[in-house]
Amino acid sequence: MPDRVDVLDSSTNRLPPGQIITTKWPVLHSGPVPPVNLAAFRFKVTGAVVRSLSLNWDELLALPLRETTCDIHCVTRWSRYDNVFEGIPVRAILERAGVRPEAAYVLVHAEEAYTTNLPLSDLDRPANLLALSHNGEPLTPEHGGPVRLLVPHLYLWKSAKWVTGFELLEDDAPGFWERNGYHMRGDPWGEERFGREDPVRMRRG
Ligand SMILES: Nc1nc2c(c(=O)[nH]1)N[C@H]1C(S)=C(S)[C@@H](COP(=O)(O)O)O[C@H]1N2
Ligand SMILES: [Mo]
């Protein structure tokens, strides 16, 4: 049996439809890179939770760290394989806050008023992190340092850089890119790139 067949098969299966592999890591966001101020940092969990949280930097770092090795997929059609992120499991945060039964969606908040929405079932997964490092190096400010959300099974715009909180909601509410035409869920395997409305804006991407 030739060795290459397995390699080709597995790489084919790892690339969602319409994506191209890059070994670089492009930087993409709207607006400026916010300044880092760890003394003022708070990670807030609000909305449909038993206990609202406001964790400062030391309280966040006191939570257990974990690694996620994953591929990442950007809606602008690049995918990057074999990324090792380290950070705080999102589940550890949700468990601390205690999710109330009526919570079904989350609006993720970040610096500079960036928001992105996703179903709670997509946020509450073991691979998801509040990521602090990438391939052994602290996250650079351009890639969301000091801390970004990582939700690797959805397009990367859901992985909010400079993340500052989760708002647990009963009903879905569009975030920044979602209000600008991006999909409410964003599954790369289903090519959930854009919402249904406004095909002109959809083509501009
Ligand atoms: N706070 C914030 N996070 C953000 C964005 C943004 O504009 N602001 N853009 C998203 C988009 S559209 C993408 S593709 C990824 C890019 O992450 P990267 O620059 O680390 O590749 O960040 C996401 N997270
Ligand atoms: Mo993006």
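Whatever order the structure lists ligands and atoms in, that order sets their numbers, starting from 1.
Partners of His29 by ring-ring contact (aromatic ring centres under 6.0 Å, His included), not counting sequence neighbours, listed by chain and number: Trp162. With sequence neighbours left out, the salt bridge (Lys or Arg N to Asp or Glu O under 4.0 Å) criterion links Arg193 to Glu191.
Closer than 4.0 angstrom to ligand 1 sit non-hydrogen atoms from Trp25, Pro26, Val27, Leu28, His29, Ser30, Cys74, Trp78, Ala110, Tyr114, His143, Arg148, Leu156, Trp157, Ser159, Ala160, Lys161, Trp162, Trp177.
Between Phe166 and Leu94, the closest side-chain pair of non-hydrogen atoms falls below 4.5 Å.
Hydrophobic clustering (side-chain heavy atoms under 4.5 Å, transitive across Ile, Leu, Val, Met, Phe, Trp, Tyr) groups Leu60 together with Leu38.
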Contacts under 3.5 angstrom, residues 104-114 side chains, donor-acceptor by atom type, not counting sequence neighbours:
from, atom 1, to, atom 2, distance (Å)
His109, NE2, Glu167, OE1, 2.7
Tyr114, OH, Trp157, O, 2.8
Tyr114, OH, Trp177, NE1, 3.4

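Nearest heavy atoms, Asn128 versus Val151: OD1-CA, 3.5 Å.
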